[in-house]
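Input: a single structure, listed below in structure tokens.
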Amino acid sequence: MCYTKLVYGRINKKLNITLSEAEIENLISTTLLETSEADFLQKGKNIYITNNKRNMRLTINSYTYRIITADKLDKKCRLDSLKLMALRFTNSATFLVSL
């Protein structure tokens, strides 16, 4: 994982926190490890990782694996994530029933 100097400030600002560079790197690593692979979405050149437990979404460049930003989840984003999970569950259940 790559970090630029500017991204540390951006993450602190967007998540409304005050963490050191090491603490931010630990937060990102922990978030990545505890997030299900089903919550990783590659869209264009970016990978969006949604972690509802921590109420945050990470954006990572898929070519350089550089952290671009972290955002708090708003209600709409949380609902979209839940809809996506329900859709995946429905498709899986339909697939299993067809076996």
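These values consider heavy atoms only, across backbone and side chains, with no hydrogens, waters or symmetry-generated copies. Quick note: residue numbers are just sequence positions, from 1.
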Separation between CD1 of I11 and CG of L6, rounded to the nearest 0.5 Å: 11.0 Å
What pairs meet the salt bridge (charged side-chain N to carboxylate O under 4.0 Å, His left out) rule with one or both residues in residues 24-35, with sequence neighbours excluded? E34-K53, E34-R54
Can you list everything that forms a side chain to side chain donor-acceptor pair (under 3.5 Å) with T18? Sequence neighbours excluded, please. none
Counterpart residues, salt bridge (charged side-chain N to carboxylate O under 4.0 Å, His left out), relative to E21 (two or more places apart): K5
Can you tell me how far the CD atom of E23 sits from the CD1 atom of I28, to the nearest 0.5 Å? 12.5 Å
Kindly compute the distance separating CG (L41) from OG1 (T59), expressed to the nearest 0.5 Å. 10.5 Å
Minimal non-hydrogen separation, G44 against S62, with atom names: O-OG, 4.1 Å
For K14 and A70, which heavy atoms make the closest approach, and how far apart are they? CB-O, 3.3 Å
Report the residues that fulfil side chain to side chain donor-acceptor pair (under 3.5 Å) with N46, sequence neighbours left out, ordered by chain and then residue number. Y48
In this structure, CD1 of I47 is separated from CG of L32 (nearest 0.5 Å) by 9.5 Å
Determine the minimum heavy-atom distance between I24 and Y8, stating which atoms define it. CD1-O, 3.4 Å
Heavy-atom pair of closest approach, residues I60 and I68: C-CD1, 4.1 Å
What residues, two or more places apart in sequence or in another chain, satisfy salt bridge (charged side-chain N to carboxylate O under 4.0 Å, His left out) together with K45? none
Might you point out which heavy atoms bring D71 and L15 nearest each other, and give the distance in Å? C-CD2, 3.7 Å
Is there a donor-acceptor pair closer than 3.5 Å between any side-chain N or O of N55 and the backbone N or O of K72? no
Suppose we screen for side chain to side chain contact (heavy atoms under 4.5 Å, CB included). Which residues come up paired with K13, at least two apart in sequence or across chains? none
Nearest heavy atoms of L73 and N51, plus distance in Å: CD1-O, 3.9 Å
Atom CG of L19 and atom CG of N12: how far apart are they, to the nearest 0.5 Å? 5.5 Å
